[in-house]
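This chain uses plain numbering: 1 for the first residue, then up along the sequence.
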Amino acid sequence: MRHTIFLIAAILSAVFLAGCQSPKTEPGNPGAVLYAECYEAARASVQSALTSPNFTGFLAQYRGEKGDQNAIPLLQIASLKNQTRDTNLQMNLVIEELCTALKNSGQVTTMLCPVGDTPQPAAKDTESPRLNMDGAITSNTTTEGGTTEQVYTFNLRITDTQTDRVIWSGSQKFGTRKTRNVVNW
């Protein structure tokens, strides 16, 4: 009898503790990027870059060098890395969103880097990219008081390929996910 009571108490304790450790997510699935938020961060980053004083200064200088007030520099997207734990993050979709936002701005024309992270020299009859864009999507996870919070950050940098000078760099947070441990039966 004594063993039966002890066994029942142990089972009830284990069930109670298991219920306390069940995660509750608010909102969405932790560790999964919502592409709408990611795309918005990409568009916001492009807007921030192209309206920055450094970029407008570069654009004026570039147009002066070309002797054409309507000259548009070629920007190469060299790399955008996934530095999150989300292995399902489709970087090609994010890069396409960046290209669309950049092209639609009318301030640059774009090309993708054809081989991994290495910017390629232009062919003989082709204009060399004057600007290079690279960056990463990162995530940071913190836990405090039984709540885990994950925040994604879109980090980008634009560099002048002739001077290696960074014209703009910035970051845009998106996709905050919170998970709480609550009693869940």
K.L.:
What closest approach, in Å, do Tyr39 and Leu93 show between heavy atoms, and which atom pair accounts for it?
P.N.:
OH-CB, 3.4 Å
K.L.:
Does the side chain of Ile158 come within less than 4.5 Å of Phe58's, by heavy atoms?
P.N.:
no
K.L.:
Under a plain distance cut-off of 3.5 Å, with no hydrogens placed, do Thr148 and Thr143 share a side-chain donor-acceptor pair?
P.N.:
yes
K.L.:
Using 0.5 Å steps for rounding, measure from the CG atom of Leu50 to the OG atom of Ser45.
P.N.:
10.5 Å
K.L.:
With a 4.5 Å heavy-atom cut-off, do Leu80 and Leu156 have their side chains touching?
P.N.:
yes
K.L.:
Check residues 99-108 and write down every donor-acceptor pair under 3.5 Å in which the side-chain atom is one partner and the other belongs to a residue at least two apart or another chain.
P.N.:
{"from": "Thr100", "atom 1": "OG1", "to": "Glu96", "atom 2": "O", "distance (Å)": "3.0"}
{"from": "Asn104", "atom 1": "ND2", "to": "Thr100", "atom 2": "O", "distance (Å)": "3.3"}
{"from": "Ser105", "atom 1": "OG", "to": "Leu102", "atom 2": "O", "distance (Å)": "2.6"}
{"from": "Ser105", "atom 1": "OG", "to": "Gln107", "atom 2": "N", "distance (Å)": "3.1"}

K.L.:
Out of curiosity, Thr110 OG1 to Leu75 CG, how far, rounded to the nearest 0.5 Å?
P.N.:
7.0 Å
K.L.:
Can you list every side-chain hydrogen bond (donor to acceptor under 3.5 Å, both in side chains) pair that touches residues 51-72, not counting sequence neighbours?
P.N.:
Gln61-Glu65, Tyr62-Glu127, Glu65-Arg130
K.L.:
Please report the interatomic distance CG(Asn82) to OG1(Thr84), rounded to the nearest 0.5 Å.
P.N.:
3.5 Å
K.L.:
Should Val46 and Leu59 be counted in the same cluster of Ile, Leu, Val, Met, Phe, Trp and Tyr side chains packed under 4.5 Å apart?
P.N.:
yes
K.L.:
Would you say Thr153 and Ile137 make side-chain contact, with heavy atoms under 4.5 Å?
P.N.:
no
K.L.:
Would you give the length of the straight line joining atom CG of Leu98 to atom CE of Met91, rounded to the nearest 0.5 angstrom?
P.N.:
8.5 Å
K.L.:
Using side chain to side chain donor-acceptor pair (under 3.5 Å) as the criterion, list what pairs up with Arg43, not counting sequence neighbours.
P.N.:
Glu40, Glu97
K.L.:
Do Ser48 and Gln172 touch side chain to side chain, with heavy atoms closer than 4.5 Å?
P.N.:
no
K.L.:
To the nearest 0.5 Å, how far apart are CZ in Phe154 and NZ in Lys173?
P.N.:
15.5 Å
K.L.:
With the side chain counted from C-beta on, respond yes when Ile167 and Thr159 share a heavy-atom pair under 4.5 Å apart, and no when they do not.
P.N.:
no
K.L.:
What distance do Glu149 atom CD and Thr142 atom OG1 have between them, rounded to the nearest 0.5 Å?
P.N.:
5.0 Å
K.L.:
Any heavy-atom pair between the side chains of Asn155 and Arg157 that's under 4.5 Å?
P.N.:
no
K.L.:
Under a 4.0 Å threshold between the charged nitrogen and the carboxylate oxygen, would Asp160 count as salt-bridged to Arg165?
P.N.:
no
K.L.:
Any idea which heavy atoms bring Arg85 and Ser139 closest together, and the distance?
P.N.:
N-OG, 4.1 Å
K.L.:
Are Leu89 and Val151 grouped together when hydrophobic residues (ILVMFWY) are joined by side-chain heavy atoms under 4.5 angstrom apart?
P.N.:
no
K.L.:
Could you tell me if the side chain of Leu131 sits less than 4.5 Å from the side chain of Thr161, heavy atoms only?
P.N.:
no
K.L.:
Do Tyr152 and Thr138 have side chains that approach each other closer than 4.5 Å (heavy atoms only, starting at C-beta)?
P.N.:
no
